[in-house]
Amino acid sequence: MSESVRKMLRAKLVVLGRDNCGKTALCVRFITRRFIGEYEHKREVTYRCQKIVDKEAIELAILDTVNKECAGPAASSLESSIKWGDGFLIMYSVTDRSSFEAVSRLKRLIDHIKQTLGIPTVIVANKCDVENGRVVRTDEGQALASDLRCSFFELSVADDASAVEAVFGQLVREVRQEFLRHLLAMDKRSRMLQMRHALKNKLTRSKTMQW
Ligand SMILES: Nc1nc2c(ncn2[C@@H]2O[C@H](COP(=O)(O)OP(=O)(O)OP(=O)(O)O)[C@@H](O)[C@H]2O)c(=O)[nH]1
């Protein structure tokens, strides 16, 4: 199997966001379909699983990060997590405005580190079941996602397993599209190089014949 086909069958996803917004709950919900209220871990974990998205199997490595600010000693670890990922899920909680404010910082950092726009990124607003505690409106989330050109989902990991499936499904789809775009661009580039080479050969030959 060629390396490019192998790459199509895998995706490395990174879950980012401020602490307590529900990153681990989201990953565990997606992998096990269960909602587990409390988690002990305060360190990064990479989950591996196989899923079917749009009738095609995909091997996923999902990095559940712990909150790292964009500056300070943890920044280099955040940078290497971002370099590693093919697709990103930036999460905030509708009950915590500072987690919402962190979203654009994280997206800017992804764009900066990846040195390109259009990196597959999905923004997820969590905890919409906590109606009395809401401090971020749905339309604020939608507007931010549209500014940042990202897909947007508002959900409750606690209440809705199928919404969590939809989030990961969308991200996998975007990663696949991006990979195909990259392959096409490489193909076009290699065809152009071949043409340039052929043209150069032809010119050299015709010059030799003139002599
Ligand atoms: N009401 C409600 N609580 C949630 C939801 N999702 C997660 N929680 C709770 O929010 C808290 C934090 O969830 P975690 O999944 O540990 O959040 P995290 O972002 O991984 O947190 P860090 O490990 O600190 O980065 C836990 O008490 C969860 O039970 C949700 O959809 N609704």
Side-chain angles (χ1 to χ4, degrees), residues 11-49 51 60-85 87-110 113 120-142 144-145 148 150-172:
K12 291 179 276 180
L13 311 180
V14 182
V15 182
L16 297 165
R18 289 292 297 263
D19 46 308
N20 226 34
C21 63
K23 300 181 293 298
T24 306
L26 178 91
C27 296
V28 173
R29 183 61 127 166
F30 177 60
I31 291 159
T32 67
R33 290 192 66 84
R34 291 169 58 212
F35 177 71
I36 300 163
E38 295 304 324
Y39 304 91
E40 279 298 313
H41 88 82
K42 286 289 166 212
R43 61 188 174 84
E44 282 191 348
V45 177
T46 305
Y47 302 95
R48 293 178 194 281
C49 62
K51 293 277 176 178
L60 297 175
I62 305 170
L63 178 62
D64 174 14
T65 62
V66 287
N67 173 43
K68 299 160 182 166
E69 286 303 325
C70 301
S76 69
S77 147
L78 176 58
E79 187 173 332
S80 57
S81 302
I82 291 175
K83 279 186 182 155
W84 176 85
F88 299 86
L89 212 151
I90 309 179
M91 193 171 206
Y92 68 90
S93 165
V94 300
T95 63
D96 174 6
R97 184 155 286 273
S98 70
S99 71
F100 175 67
E101 284 159 1
V103 172
S104 8
R105 286 201 297 276
L106 286 165
K107 177 65 170 78
R108 272 201 305 273
L109 193 68
I110 294 169
I113 290 171
T121 308
V122 172
I123 295 175
V124 180
N126 187 30
K127 305 197 188 183
C128 71
D129 58 299
V130 191
E131 269 311 320
N132 291 334
R134 181 189 277 272
V135 293
V136 185
R137 296 188 316 270
T138 306
D139 62 299
E140 290 181 276
Q142 285 165 335
L144 177 70
L148 299 175
C150 297
S151 309
F152 175 73
F153 291 80
E154 186 172 280
L155 51 71
S156 159
V157 173
D159 282 357
D160 195 347
S162 50
V164 171
E165 291 267 333
V167 164
F168 280 95
Q170 174 66 22
L171 188 53
V172 166

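Note that ligands are numbered from 1 as they come in the structure, with each ligand's atoms numbered from 1 the same way.
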Options Ala158, Ser93, Cys128, ranked by nearest heavy atom to atom 30 (C) of ligand 1, top entry: Ala158
Heavy-atom proximity to atom 14 (P) of ligand 1, best of Gly17, Cys21, Gly22: Gly22
Polar side-chain atom of Asp96 near backbone of Cys21 as donor-acceptor pair, under 3.5 Å: no
Backbone or side-chain N or O of Asp64 under 3.5 Å from ligand 1 N or O: no
Enumerated ligand 1 atoms positioned under 4.0 Å from heavy atoms of Val130: 1 (N)
Test item: Thr46 and Glu44 side chains (from C-beta on) under 4.5 Å apart, heavy atoms: no
Side-chain (Lys23) to main-chain (Gly17) donor-acceptor, under 3.5 angstrom: yes
Check: Lys127 main-chain N/O paired with Ser93 side-chain donor or acceptor under 3.5 Å: no
Heavy-atom nearest option to atom 10 (O) of ligand 1, drawn from Lys127, Glu44, Arg18: Lys127
Proximal atoms of ligand 1 relative to Asp129 (non-hydrogen, under 4.0 Å): 1 (N), 2 (C), 30 (C), 31 (O), 32 (N)
Heavy-atom proximity to atom 31 (O) of ligand 1, best of Asp159, Val157, Thr95: Val157
Heteroatom proximity flag, Thr65 to ligand 1, N/O under 3.5 Å: no
Proximity to ligand 1 by part of Thr24, non-hydrogen separation under 4.0 Å: both
Side-chain donor/acceptor of Lys107 to backbone N/O of Cys150, under 3.5 Å: no
Within reach of ligand 1, part of Asn20 (heavy-atom separation under 4.0 Å): both
Matching residue for Thr65 among Val15, Thr24, Ile82, Leu16 - test: side chain to side chain contact (heavy atoms under 4.5 Å, CB included): Leu16
Atom indices of ligand 1 within 4.0 angstrom of Gly37 heavy atoms, with elements: 26 (C), 27 (O), 28 (C), 29 (O)
Arg33 side-chain N/O to Ala161 backbone N/O, donor-acceptor pair under 3.5 Å: no
Whether Tyr92 and Phe100 hold their rings parallel, tilted or perpendicular, with breakpoints at 30° and 60°: perpendicular
